[in-house]
Amino acid sequence: MATTATTQTSSGGARVKVQQFGRMLSGMVMPNIGAFIAWGLITALFIPTGWYPNESLAALVDPMIKYLLPLLIGYTGGQMVHGKRGGVIGALVTMGVIVGSTIPMFLGAMIVGPLAAWVLKQFDKAVDGKIRAGFEMLVNNFSLGIIGGALTIGALKGVGPLVQGLTNILSNGVEFLVNHNLLPLINIIIEPAKVLFLNNAINHGVLGPIALEESQRIGKSILFMLESNPGPGLGILLAYWLAGKGSAKSSAPGAIIIHFLGGIHEIYFPYILMNPRLILAVIGGGMSGTFTFQMLGAGLVASPSPGSIFAYFAMTPKGGYLPMIAGVVVATIVSFLIAAVLLRSSKKNDEEEMDLEAAEARMRDMKSAGTAAQTAATVAAASNVRTKANVNKIVFACDAGMGSSAMGASVLRKKLQNAGVNITVTNSAVSEIPADADIVVTQKTLTDRAIASNPRAEHISIDNFLKSPKYDELVERLK
């Protein structure tokens, strides 16, 4: 028993650490996705092979991908570590890796932005309270300038060439997989990792930087489609709709709209956690979809974020719609067929069939085992129950703060309005929960991180942002 508990503790702690690292990577890109989409649209429209070739407007493409986008990432990464001062030095040092290389420095920006901010933060801590009155601005400005200048030179001469070499190695590895028709094997790793809420880290932290470099070089990249393909998730939800039972079957149509049209892939993760064998279905769908993309030469000009079919159409270059649609359709069909067979062959238990919420709870509890301290913190936070008199703001938090949390906030906001309860409901990233949040709602795998971000709030753990009985319980309590 002791060995099992130790193993679960280690596993849970490692999972949280991986999620936090992934959150840091994707957190540098997600706030700037709008700029990436703007670059993608300008590229698709105005380059010589675009829909409306225009030499004057196409001149925007190269400076945006070489300077604007890496600088935004560097600033955001620095700001995450040390506020605005961190953002400024992060952007400054990012300029060093940009000039020190000949390729877009997205990976370089992800490294030097947070690192430069951390160095400045250590200096600020060391001199805190030791500066003579009236000299604060002088010290602050010159410390950032001197430290930033030195780090920029170091990034120019050292980090830039190093990251360029690393990027070339990764690009050559991807090229090897493509040339030997092995790229679909990546989905064996991607699909299970997505279900553990590492989708943003994989897409924006790992694949995105390499894909952008490839897109700038050849006009499109299949790497944008490896994690974001909505086909495998759509196949799972269709199988539940047509072959499932109970609440899973009834909730699947709504989840299909949110997943396929809205691009919020997290909506189908609980359906897999309810029946873990279905991970084989999304792996099969992902591999077949990627194989189809590769055989037909599919690719996107920029990241389709969120992973909606509408975003896929917007980011597809001229002449690339048929390969794109074929890959999505094949992935959907394969995932659906495997999932339907697995659902039909599932053995019935002697007990009454477990509904979606109960099944999700069991699976999440198994996956989110943590340390005794974390468990105690969770219990303490859950017991901090609040009433209407001391609740002014409810915050839904997810990994990136843009997809599933926004959906959950919308659902609860409507329920509160129908009940005549006037309370602010918003959403945020789990690492950026506002200090004035009175109640925080998260999925179970993120609750420990939410408590660490805001320990004073009441924390509610749920399994499905779209449908949870705890919404109605909360509304009744606040009425």
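In this structure, CD on Glu227 lies 8.0 Å from CD on Glu191, to the nearest 0.5 angstrom. Atoms CG and CZ, from Asn427 and Phe396 in turn, are 9.0 Å apart once rounded to the nearest 0.5 Å. Summarising the geometry, atom CD1 belonging to Ile42 is positioned 4.5 Å from atom CE belonging to Met64; distances are rounded to the nearest 0.5 Å. Note: Ile236 CD1 to Ile279 CD1 = 8.0 Å, rounded to the nearest 0.5 Å. Atom OG of Ser303 and atom CE of Met315 lie 8.5 Å apart (nearest 0.5 Å). The CD1 atom of Ile433 lies 7.0 Å from the OG1 atom of Thr442; values are rounded to the nearest 0.5 Å.
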Problem set entry | Stepwise side chain to side chain contact (heavy atoms under 4.5 Å, CB included) test for Met324 and Ile309 | CA-CA 10 Å; Met324 179 272 289; Ile309 191 62; 4.3 Å; yes
Exercise. So Met105 and Thr94, side chain to side chain contact (heavy atoms under 4.5 Å, CB included) or not? Walk me through it.
Worked result: CA-CA 8 Å; Met105 269 291 105; Thr94 297; 5.7 Å; no
For this session: For Ile423 and Ile394, run side chain to side chain contact (heavy atoms under 4.5 Å, CB included): C-alpha distance rounded to whole Å, both residues' side-chain angles, the deciding distance at 0.1 Å, then the answer.
Result: CA-CA 7 Å; Ile423 293 177; Ile394 301 173; 4.1 Å; yes
For this session: Take Asn32 and Leu69 through the test side chain to side chain contact (heavy atoms under 4.5 Å, CB included) and record every step on the way to the result.
Result: CA-CA 8 Å; Asn32 302 305; Leu69 298 180; over 6 Å; no
For this session: Assess whether side chain to side chain donor-acceptor pair (under 3.5 Å) is satisfied between Asn392 and Thr424, documenting all intermediate values.
Result: CA-CA 6 Å; Asn392 296 307; Thr424 300; over 6 Å; no
For this session: Report the C-alpha distance between Asp436 and Lys393 in whole Å, list the side-chain angles of each, state the deciding distance to 0.1 Å, and finish with yes or no for salt bridge (Lys or Arg N to Asp or Glu O under 4.0 Å).
Result: CA-CA 7 Å; Asp436 61 346; Lys393 178 183 284 188; 3.1 Å; yes
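Looking at heavy atoms from C-beta onward, Tyr312 lies out of side-chain contact with Ile325 at the 4.5 angstrom threshold. Between Lys84 and Tyr75, the closest side-chain pair of non-hydrogen atoms falls below 4.5 Å. A 4.5 Å side-chain heavy-atom check between Arg277 and Ser345 finds at least one atom pair inside the cut-off. For the pair Pro323 and Phe293, the minimum side-chain heavy-atom distance is 4.5 Å or more. Under the 4.5 Å side-chain criterion, counting only non-hydrogen atoms from C-beta, Leu68 is not in contact with Trp39. Leu120 is not listed as a side-chain neighbour of Val88, based on a closest heavy-atom distance of 4.5 Å or more. Taking the side chain as every heavy atom from C-beta outward, Leu278 and Leu343 approach each other to under 4.5 Å. Inter-residue side-chain proximity for Val119 and Phe123 is flagged as unmet; no heavy-atom pair is nearer than 4.5 Å.
In summary, Glu458 and Arg477 engage in a salt bridge, as defined by a charged side-chain N under 4.0 Å from a carboxylate O.
Applying the side chain to side chain contact (heavy atoms under 4.5 Å, CB included) test to Pro253 and every residue at least two apart in sequence or in another chain returns Trp241. With sequence neighbours excluded, the residues satisfying side-chain hydrogen bond (donor to acceptor under 3.5 Å, both in side chains) with Thr290 are Asn187. Applying the side-chain hydrogen bond (donor to acceptor under 3.5 Å, both in side chains) criterion to Ser215, with sequence neighbours excluded, gives no partner residue.
The two atoms that bring Ala457 and Val440 nearest to each other are CB-CG2, 3.8 Å, heavy atoms only. What you find for Phe260 and Val328 is that their closest heavy atoms are CE1-CG1, 4.1 Å. Minimum heavy-atom separation, Ala109 to Pro114: O-CD, 3.8 Å. Residues Gly299 and Pro317 come closest through the heavy atom pair O-CD, 3.1 Å. Among all heavy-atom pairs drawn from Gly285 and Ala331, the shortest one is O-CB, 3.2 Å. Minimum heavy-atom separation, Ala243 to Arg344: CB-NE, 3.7 Å.
Listed for the Tyr271 side chain is no donor-acceptor partner under 3.5 Å among the backbone atoms of Tyr240. When atom types are taken as modelled, the side chain of Lys470 and the backbone of Ser461 share a donor-acceptor pair closer than 3.5 angstrom. Looking at His82, its side chain never comes within 3.5 Å of a backbone N or O of Gly87 through a donor-acceptor pair. The backbone N or O of Ala255 sits nowhere less than 3.5 Å from a side-chain atom of Tyr268 that would complete a donor-acceptor pair. Ser288 contributes no side-chain N or O that, together with a main-chain N or O of Val334, makes up a donor-acceptor pair within less than 3.5 Å. At least one donor-acceptor pair under 3.5 Å links the side chain of Asn454 to the backbone N or O of Pro434. Arg456 places a side-chain N or O within donor-acceptor distance of the main-chain N or O of Ala435, the cut-off being under 3.5 Å. Without hydrogens or angle criteria, His459 side chain to Ile439 main chain gives no donor-acceptor distance under 3.5 Å. Listed for the Ser143 side chain is a donor-acceptor partner under 3.5 Å among the backbone atoms of Asn140. A distance-only check finds no donor-acceptor pair linking the side chain of Asp128 to the backbone of Asp124 [under 3.5 Å].
Each of Leu226, Asn229, Val282, Ile283 was evaluated against Ile190; a single residue qualifies, Leu226, per the side-chain contact (heavy atoms from CB on, under 4.5 Å) test.
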